[in-house]
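The figures here come from the full heavy-atom set of this structure, side chains too, leaving out hydrogens, waters and symmetry mates. Computed from a prediction, not measured in an experiment: that's the story for all the values here. Letters go in sequence order (proteins before strands), and every chain restarts at 1.
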Amino acid sequence: MVDLGQQVIFLLIQLMLLTLVAPLVSGITKKLKAYMQNRLGASIFQGYYDLAKLWQKPTVITAYTSNIFLAAPFIYLLSVLLAAAVLPLGFSVNVVLGDIFVFISLLAIGRFIMTLSSLDAGTSFGGMGGSRELYISALVEPVMLLAVLSAALQPGTTSIAGMHINYTTHYFTISSALSCCAFFAILLAENGCIPVDNPDTHLELTMIHECMTLEYSGRLLAIIHLASMVKGLLIINIFSLLFFPVNLPLLIKIIITAAAIAVVESLNNKMRLFKVRFYMVTAGVLLLLAIVAQ
Amino acid sequence: MNLMITGFFCYILGMLTVFVPKRREMWAHYLAQGATILGSLCVFMSAVVYLLTDMSSPQLICVVGNFSLEMDGWNAVFLAITGLGGIITGVYGLGYGIFYQGNRLRILSSLFTTFVFSMVLVALAQDALGFLLAWEIMAVVSFLLVNHEAEKKGVWQIAYQYLVMTHLGTAAIMIAFFVVGSGAQDLQFSSLAMETLDVGTRNIAFLAAFIGFALKAGLVPLHVWLPNAHPAAPSHVSALMSGVMLNMALYGFGRFIFNFLGPVEFWWGLLVFSVALISAFAGALYAQMATDMKRILAYSSVENMGIVFVGMGTGMLLLTTNHQELAMLGFVAAIVHAFNHSIMKTLLFMSAGSIMHGMSGEKNIEKMGGLGKFMPKTALFTLIGAMGLAALPLTSGFVGEWLTFKSLLHLVNAQAGTGFRLLAAFGFVSLGLTAAFALGAFVRFYGIIFLGRPRTNIGEKAQETSGSMLIAMGISSFLVVAMGVFCAPIVELAIKVINKTLVKLPALTNNLIIMPQANTDAGVYAPLALAALFIVLAVILYGLTYKKNLLVKSDVTWNCGTVSTNRQQYSATGFSKPVRRAFGAILKPIRQKSYLQKSHDYFGREVLYKLSLPDRFTDNLYQPMQHWLVKAAAFLRQIQTGSVRLYVGYVMVAMILVLIWGAMYRG
């Protein structure tokens with residue numbers, strides 16, 4: 001039982017680390033984006049300041065809401081943390097062994113509860129965000145699973161630890177390049193980055209995630225923001241572990257990925273909502289080629 | 001053995017309540033429901049006891065003349081499903097019957113008992129004739145139950161459509177049995193194995209069996225009756241039909257695959273696999289589009305039976321490879337998902353019944369909204385069911401789907417080559433779309449019904465249900481969570497059953513079980529650990545965020561400075577619009593826009609939008625078929641002139657042909 005206790009402690013350390021680092025990673029992306037746009041930009045620690053500010057603010061909620069609305073941020077964060085617990089990051093954590101399907105489905109809990117809460121305030125903004133989120137997810141999910149298949153082909157398993165990219169056999173092969181590009185496209189869609197969603201605007205024509213959370217404020221909003229950041233970091237982690245083409249330490253991979261997101265976000269426009277399907281289909285075709293080429 | 005017979009007596013008692021005098025209608029109802037509950041309890045107990053013992057030999061229940069009833073591993077699973085479904089819907093029916101007081105209640109209750117009993121007999125029958133007899137009783141009784149509210153608009157048409165379709169299925173199954181039995185001495189199941197027969201005959205038998213059982217399971221394109229029939233029946237009956245009766249198709253199909261048809265051909269597996277994937281996809285897509293509450297659930301049944309048959313198809317494909325032991329996982333996934341789906345679907349149909357009666361008979365979700373405040377308990381139970389059907393982890397819906405994904409990956413593990421890779425890719429993409437659509441469908445189902453504000457006046461007066469209906473929903477929602485968290489024993493039981501059923505294969509080794517105690521490399525789903533972690537983290541998070549005055553005030557929703565009305569909420573149709581548009585090429589929605597004449601020509605014109613979304617299989621497959629059938633009949637009518645002399649001539653021609661054929665056959 002000592003062993004189990006040790007592992008639980010390791011697990012909690014992993015969760016805390018991921019939670020604490022997540023705002024920093026999004027801060028780095030934002031700073032790089034600012035540089036690319038010839039701005040000075042906010043400090044890379046701005047994410048923490050924002051969270052702290054929201055944490056202290058009072059919360060106002062709509063009179064029409066039910067308990068789902070109050071519970072949703074917590075369940076969202078919890079589901080993301082469970083997904084984080086499933087991720088093997090080099091700590092000797094064997095308590096919850098990671099399976100990629102479990103990981104993806106745990107993130108689906110967050111999507112389920114957040115889209116539900118978007119309907120709870122009884123406004124058109126929420127429904128708009130929720131229905132768009134479900135549309136995007138219907139496009140991302142199949143392509144995400146194709147990516148899983150392409151990564152799982154060689155090892156023949158779906159445990160995340162077993163699927164880690166093998167740099168001896170997969171060093172700059174065609175299939176690894178294809179699936180790397182494709183998963184990067186998925187990552188942008190899943191994290192709500194620019195070609196698919198633009199979280200910085202507050203114009204209802206373009207919003208997806210911002211729409212869904214429009215009615216939240218104060219501490220509840222802080223929790224949602226934190227959960228989104230951690231989720232983004234988790235997807236970046238999956239990218240780094242399973243698809244990143246060069247063998248580097250994990251932290252450096254994460255930073256490079258964050259930088260790549262900043263570059264892509266600066267060089268592209270947000271595409272029209274109904275063009276996202278062609279974008280995702282492209283990623284899917286790349287993955288099919290990667291699967292066949294392996 | 002005695003337990004099962006006791007159950008039979010309970011059922012027969014329940015069936016006899018139809019003779020209770022009409023003024024004691026409610027007594028008859030309670031008696032019938034009580035008998036159903038008791039009988040189902042007996043069936044469930046004896047099936048579980050059998051499953052938990054070694055299952056080494058079939059257990060003989062009774063022999064009546066040439067018919068014998070026997071329990072072996074494969075049908076014990078389905079007896080357990082039927083028993084559990086009977087208990088839960090029986091309890092629900094106790095309270096639900098009140099709504100049918102004075103409306104042929106005695107017939108409804110006694111038919112309900114007969115329906116459960118017939119399904120038990122289907123599972124237990126050990127010879128083709130008995131099976132077909134029980135299958136036919138099941139079909140006819142369910143037709144009568146669908147037709148129970150025949151005075152409602154459109155119900156009898158739906159019921160007759162169901163009757164015709166289900167008989168086509170029975171005919172196909174009959175053909176399958178006769179082909180299988182053509183070389184056997186009798187029609188006992190034990191003598192029906194046809195490994196010695198040639199491939200052509202086995203192909204015909206497979207095709208007939210697949211058509212017959214796919215029709216019952218509601219696989220695309222044979223599903224058209226299902227979204228009509230299930231909503232038309234009384235809710236506890238729809239719960240049984242969707243939750244239990246569909247699984248009987250899996251039972252029969254499994255019998256054919258495992259016991260009768262001999263070695264599996266590659267194209268069989270391919271056919272089942274593809275049809276099942278398309279069913280799952282189409283069912284989930286239509287579930288996200290429908291606005292009738294029970295129709296959503298019926299389409300979701302199509303989807304889930306699709307997932308179940310994906311497991312079967314994957315298993316069959318794997319049987320044709322060199323790694324037959326991997327096939328096990330596909331079959332295990334099929335059983336587990338069938339079992340879990342039966343409980344979740346029963347639960348949601350029961351909630352739909354409660355909502356309908358809270359809303360004075362309304363089934364259209366566009367007219368609901370905000371019901372969570374008026375029906376808090378129903379809302380909670382429905383949420384659990386919806387989460388299960390959205391296949392979220394920690395609910396029972398996830399287990400089967402996870403196993404199905406795992407078995408799909410084995411397609412590439414078992415056989416190298418592009419073909420199997422593309423099959424796996426096809427499976428992953430389709431099931432990925434299915435999962436996303438199912439999640440969307442149940443977010444929409446729950447969100448539009450229970451959240452936000454009431455959209456109509458009826459919604460503001462909705463009433464919470466009470467008594468036995470809540471108890472039944474409570475039991476099944478408890479089971480959804482419990483079997484999601486403690487899924488390991490159920491999966492192990494399914495493995496045991498498959499091991500017994502498929503004796504020809506090597507026993508399933510540990511690294512395929514993929515449960516917490518197993519090999520680390522396979523990728524593990526450990527729901528217990530996840531649940532424990534969830535609770536720990538929830539406590540920590542609650543401690544961190546707790547603040548006495550977290551909610552400073554509540555106010556109206558932000559609506560850009562204006563006061564929002566309940567009509568500004570997203571409607572169910574609007575909520576699914578992005579998906580409908582993106583997949584418009586498949587769905588082909590019909591949109592009409594017209595301007596009302598009376599209004600002003602240029603300013604403030606009143607516009608009327610109409611959207612209809614017919615099932616494309618009805619329009620593009622069945623209506624042309626019907627058209628050609630009528631044409632062919634009209635053509636054939638030409639030879640029916642009514643002239644007796646001509647008829648005598650026909651007889652003579654037929655006679656001569658028979659004689660010639662007979663002579664050739666002898667020569």
Side-chain angles (χ1 to χ4, degrees), chain A residues 58-64 66 68 74 77-78 81-82 85 94-97 99-102 105-106 108-109 111-112 115-116 119-124 127-128 130-132 134-135 137-138 141-142 144-146 149 152-153 156-159 162 214-215 219 223 273-274 277 284 288 291-292, chain B residues 372-373 387 390 392-393 398 402 405-406 409 412-413 418 421 424-425 428-429 432-433 435-437 439-440 443 446-447 451-453 520-526 529-530 533-534 537-538 541 545 550-559 564 566 568-570 574-579 581-582:
Chain A
T59 304
V60 183
I61 62 162
T62 309
Y64 314 126
S66 64
I68 298 268
F74 294 96
L77 183 58
L78 284 174
L81 287 179
L82 282 189
N94 291 322
V95 181
V96 186
L97 284 146
D99 181 85
I100 187 87
F101 297 130
V102 176
S105 308
L106 282 169
I109 294 184
R111 187 180 304 132
F112 182 88
T115 40
L116 264 190
L119 282 168
D120 206 5
T123 163
S124 18
M128 192 187 295
S131 70
R132 286 175 180 176
L134 289 175
Y135 157 73
S137 78
E141 187 100 350
M144 177 84 112
L145 285 168
L146 265 189
L149 179 64
L153 262 187
T157 168
T158 54
S159 92
L214 197 69
E215 283 301 317
R219 207 165 266 202
I223 293 174
L273 191 66
F274 288 101
R277 53 186 160 158
L288 264 186
I291 288 168
V292 174
Chain B
K373 291 190 194 62
M387 287 172 78
L392 298 183
F398 178 68
W402 182 73
F405 272 120
K406 288 291 212 184
L409 188 72
V412 286
N413 286 345
T418 314
R421 277 183 191 178
F428 271 61
V429 170
L433 279 170
F437 288 149
L439 188 132
V443 165
Y446 186 84
L451 302 181
R453 300 159 68 185
T520 54
D521 278 333
V524 169
Y525 169 48
L530 284 179
L533 190 64
F534 185 86
L537 289 176
L541 199 62
T545 50
L550 177 68
L551 303 173
V552 169
K553 59 174 182 174
S554 71
D555 212 326
V556 293
T557 306
W558 167 247
N559 198 39
S564 67
N566 55 6
Q568 285 179 329
Q569 297 178 86
Y570 250 56
F575 195 66
S576 55
K577 162 114 193 209
V579 173
R581 192 166 153 187

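No more than 12 heavy atoms of other residues, nucleotides or ligands lie within 6.0 Å of NZ in K577(B), so this atom counts as exposed by the packing criterion.
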Check your understanding: side-chain contact (heavy atoms from CB on, under 4.5 Å) between W402(B) and S105(A): does it pass, once the steps are laid out?
Key -> CA-CA 9 Å; W402(B) 182 73; S105(A) 308; over 6 Å; no
Check your understanding: Would Y525(B) and V102(A) count as a side-chain contact (heavy atoms from CB on, under 4.5 Å) if you check the C-alpha gap in whole Å, the side-chain angles of each, and the deciding distance to 0.1 Å?
Key -> CA-CA 7 Å; Y525(B) 169 48; V102(A) 176; 3.7 Å; yes
Exercise for review: Please report the C-alpha distance between L145(A) and V429(B) in whole Å, then the side-chain angles of each, then the deciding distance to 0.1 Å, and finally whether the side-chain contact (heavy atoms from CB on, under 4.5 Å) criterion is met.
Suggested key: CA-CA 7 Å; L145(A) 285 168; V429(B) 170; over 6 Å; no
Practice item. Please step through side-chain hydrogen bond (donor to acceptor under 3.5 Å, both in side chains) for the pair T158(A) and K406(B), ending with a clear verdict. Key: CA-CA 8 Å; T158(A) 54; K406(B) 288 291 212 184; 2.4 Å; yes
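Once rounded to the nearest 0.5 Å, the distance linking OH of Y446(B) with CG of L116(A) reads 7.5 Å. Rounded to the nearest 0.5 angstrom, L392(B) CG and L106(A) CG are separated by 9.5 Å.
Of the listed residues G284(A), A152(A), S137(A), A63(A), the one with more heavy-atom pairs under 4.5 angstrom with chain B than any other is A63(A). Interface check for chain A: of the options T418(B), V443(B), V579(B), the most heavy-atom pairs under 4.5 Å are formed by V443(B). Your options are V412(B), N566(B), L541(B), and the one with the most heavy-atom pairs under 4.5 Å with chain A is L541(B). For the set A538(B), G372(B), G574(B), the count of heavy-atom pairs under 4.5 angstrom toward chain A peaks at A538(B). With chain B as partner, the option from L81(A), I68(A), I223(A) having the largest number of non-hydrogen pairs under 4.5 angstrom is I68(A).
When heavy atoms are compared at a cutoff of 4.5 Å, I109(A) approaches chain B by way of both its backbone and its side chain. Heavy atoms of L537(B) lying under 4.5 Å from chain A belong to its backbone as well as its side chain. If you measure heavy-atom distances from F101(A) to chain B, the contacts under 4.5 Å come from both the backbone and the side chain. Both the backbone and the side chain of F575(B) come within less than 4.5 Å of a heavy atom of chain A. Proximity to chain A is limited to the side chain of F437(B), based on heavy atoms less than 4.5 angstrom apart.
Residue R219(A) comes nearest to T545(B) through the heavy atom pair NH1-O, 2.9 Å, listed as atom of the first residue, atom of the second, then distance. Nearest approach of I291(A) to A425(B), heavy atoms of both residues: CD1-CB, 4.5 Å. Nearest heavy atom pair, residue R421(B) against residue V292(A), reads NH1-O, 3.6 Å. Considering every non-hydrogen atom in both R277(A) and R581(B), the closest pair reads NH1-O, 3.9 Å. Shown here for A138(A) and L433(B), the closest heavy-atom pair between the two residues is O-CD2, 3.2 Å. Of all heavy-atom pairs between A582(B) and F274(A), the closest is N-CE2, 4.2 Å.
When side chains are defined from C-beta on, P142(A) does not count as touching F428(B), because their heavy atoms never get closer than 4.5 Å.
The backbone N or O of Y64(A) lies less than 3.5 Å from no partner atom in the side chain of R453(B), so there is not a single donor-acceptor pair.
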